[in-house]
Amino acid sequence: MVYKRLYKLLLILFFFFLKNISYANIIYDKNNVIISELDLDYYKEMHYQNYNENLNNSKALKNLVIIKNVINSLKKNNNDFVKRIDESIYTEIGKENIKSEIILDILRFFRTKNEFIYDYYYNNFNINDLKNVFFTFENLKLPISENNCLTIIKLVDFKNNIEFINEFFKNMRSDSKIYKLSINNIKYNVCINQINKEIIEKQIFKYIELKIQDNFDKFVYENQRK
C-alpha cells in the first residue's frame with residue numbers, strides 16, 4: 001500500500017490562480033519572503049483539502065512564512081533532498097504547471113511531511129498500530145462470502161476482530177487483495193471494495209500523521225533557526 005497525498009482540485013487551482021498570479025496584491029514582504037493574496041488563498045485551499053480545516057488569514061499567513069523559511073533552510077542545508085522532492089512533484093504534476101515559486105514551496109512542504117509519514121509506515125508501523133487504527137472506528141462492517149465474493153452472505157463488524165486485523169496487516173505487507181478468516185469454524189472471504197479500502201487507508205494515514213507530528217514539528221522548528 002502506498003500513501004500519497006493526491007491533492008484534489010490541484011490542476012483546477014493551478015489554472016485559476018496561476019492565470020491571475022501576476023495581478024495578485026502583495027500582503028507580506030519581509031526577509032526575502034514575498035506572499036500574495038493568491039498565494040494565501042491557494043494555501044488555505046490546499047490546507048483544507050489535506051486536513052479538512054479552514055484557516056483564517058492570520059493563521060494561514062503565519063504558516064506560509066514558516067513554510068517559506070523551512071524550504072529556504074532545506075535548499076541551503078540539504079539541497080539534494082529538495083531536488084528529490086521536486087522530482088516527485090514534477091512527475092506527478094508536471095513542471096510546466098508550476099509557475100509560482102511559493103506554490104512549489106507549499107507542495108515541497110506537504111511532500112516533506114509525507115516523507116515522515118512514509119518512513120513511519122514502511123519502517124515502524126506494526127500490528128499494534130493497526131489495532132489502534134481499527135479501534136478508532138465506531139464500527140467496521142464489511143461483507144463476507146463463501147465463494148470469493150461472488151455472493152454476499154451478510155455484513156460483519158470487524159472492528160475488534162483480531163484475526164481479521166492480523167490478516168489485513170499481512171496483506172498490507174504483501175499487497176494481497178484476498179482476505180480470509182474463520183467464523184464459527186467456517187472459512188469466509190472478507191470482501192473489501194475500493195471504497196472500503198480507501199476508508200481504512202485514510203484512517204491509517206491520519207493515525208500515522210498524529211504519530212509523527214512531534215518529530216515533524218521538531219524538524220520544522222530546527223529548520224527555521226538555521
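At a threshold of 4.5 Å between non-hydrogen side-chain atoms, the residues Asn72 and Asn32 do not count as touching.
Separation of the Phe109 and Phe216 ring centroids falls under the 6.0 Å cut-off.
Each of Leu155, Val156, Val190 was compared with Leu142 under the side-chain contact (heavy atoms from CB on, under 4.5 Å) criterion, and only Val190 meets it.
Side-chain atoms of Asp119 do not come within 3.5 Å of backbone N or O of Glu115 as any donor-acceptor pair. For Asn184 (side chain) and Ile186 (main-chain N/O), no donor-acceptor pair under 3.5 Å exists by modelled atom type. Panel note: side chain Ser174, backbone Lys170; a donor-acceptor pair is recorded below 3.5 Å. At distances below 3.5 Å, not a single donor-acceptor pair connects side-chain atoms of Lys68 with backbone N or O atoms of Val33. Under a 3.5 Å cut-off, the side chain of Asn78 and the backbone N or O of Leu74 do not form any donor-acceptor pair. At least one donor-acceptor pair under 3.5 Å links the side chain of Asn223 to the backbone N or O of Phe219.
If you take OH on Tyr207 and CD1 on Ile212, they are separated by 12.5 Å, rounding to the nearest 0.5 Å. To the nearest 0.5 Å, atom CG of residue Asn161 and atom CD of residue Glu167 are 10.5 Å apart. Considering OH of Tyr43 and CG of Asp105, their distance stands at 12.5 Å, rounded to 0.5 Å. In this structure, CD1 on Ile103 lies 9.5 Å from CE on Met46, to the nearest 0.5 angstrom. For the atom pair CZ (Phe205) and OH (Tyr118), the distance works out to 6.5 Å, reported to the nearest 0.5 Å. To the nearest 0.5 Å, atoms NZ (Lys59) and CG (Leu64) are separated by 11.5 Å.
Nearest heavy atoms, Phe168 versus Leu130: CD2-CD2, 3.9 Å. Minimum heavy-atom separation, Asn139 to Asp157: CB-OD2, 3.3 Å. Listed here is the closest heavy atom pair of Ile27 and Leu61: CD1-CD1, 4.4 Å.
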For this session: Decide side chain to side chain contact (heavy atoms under 4.5 Å, CB included) for Ile152 and Cys191; before the verdict, give the C-alpha distance in whole Å, the side-chain angles of both, and the deciding distance to 0.1 Å.
Result: CA-CA 8 Å; Ile152 301 302; Cys191 307; 3.7 Å; yes

For this session: Show your working on ring-ring contact (aromatic ring centres under 6.0 Å, His included) between Phe134 and Phe158 and close with a plain yes or no.
Result: CA-CA 8 Å; Phe134 273 53; Phe158 288 102; 8.9 Å; no

Problem set entry | salt bridge (charged side-chain N to carboxylate O under 4.0 Å, His left out) assessment of Glu92 paired with Arg111 | CA-CA 12 Å; Glu92 184 176 324; Arg111 193 59 61 92; 3.0 Å; yes

For this session: Might you work through the side chain to side chain contact (heavy atoms under 4.5 Å, CB included) test for Leu104 and Arg108, ending with a clear yes or no?
Result: CA-CA 6 Å; Leu104 177 58; Arg108 285 165 169 163; 3.2 Å; yes

For this session: I would like to know whether Ser36 and Asp39 meet side-chain hydrogen bond (donor to acceptor under 3.5 Å, both in side chains); could you show each step before the answer?
Result: CA-CA 5 Å; Ser36 72; Asp39 294 328; 3.0 Å; yes

Problem set entry | Working for side chain to side chain contact (heavy atoms under 4.5 Å, CB included), residues Lys187 and Glu146 | CA-CA 7 Å; Lys187 286 288 187 180; Glu146 292 182 276; over 6 Å; no

For this session: Decide yes or no on side chain to side chain contact (heavy atoms under 4.5 Å, CB included) for Asn171 and Lys177, but give the supporting numbers first.
Result: CA-CA 7 Å; Asn171 285 2; Lys177 298 179 181 179; over 6 Å; no

For this session: Begin with the C-alpha distance, continue with both residues' side-chain angles, and end with the deciding distance and a verdict on side-chain hydrogen bond (donor to acceptor under 3.5 Å, both in side chains) for Asn57 and Lys44.
Result: CA-CA 8 Å; Asn57 287 345; Lys44 287 165 64 177; 2.7 Å; yes

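Asp129 and Tyr120 share a side-chain donor-acceptor pair at under 3.5 Å. A donor-acceptor pair shorter than 3.5 Å cannot be found between the side chains of Asn189 and Tyr179. Using a 3.5 Å distance cut-off with no hydrogens or angles, the side chains of Asn193 and Asn196 do pair a donor with an acceptor. A donor-acceptor contact closer than 3.5 angstrom links the side chains of Thr136 and Gln203. A donor-acceptor pair shorter than 3.5 Å can be found between the side chains of Gln213 and Lys113.
No more than 12 heavy atoms of other residues, nucleotides or ligands sit less than 6.0 Å from atom CD1 of Ile195. Few gaps surround CG on Asn147; more than 12 heavy atoms of other groups in view lie less than 6.0 Å from it. Within 6.0 Å of NZ on Lys180 lie no more than 12 heavy atoms contributed by other residues, nucleotides or ligands. Within a 6.0 Å radius of CD1 in Ile178, other residues, nucleotides and ligands contribute 12 heavy atoms or fewer.
We find that Glu101 and Lys75 are joined by a salt bridge, their nearest charged nitrogen and carboxylate oxygen being less than 4.0 Å apart.
Both Ile66 and Phe81 are members of a single hydrophobic cluster when ILVMFWY side chains are connected at heavy-atom separations under 4.5 Å. Note: the hydrophobic cluster containing Phe169 also contains Ile199 (ILVMFWY, side chain heavy atoms under 4.5 Å, direct or indirect links). Linking ILVMFWY residues whenever their side-chain heavy atoms come closer than 4.5 Å, directly or via other members, places Phe137 and Ile127 in the same cluster. Phe135 is not connected to Val133 by any chain of hydrophobic side-chain contacts under 4.5 Å among Ile, Leu, Val, Met, Phe, Trp and Tyr, and they are in different clusters.
Judged by the 6.0 Å and 45° rule, Arg173 forms a cation-pi pair with Tyr121.
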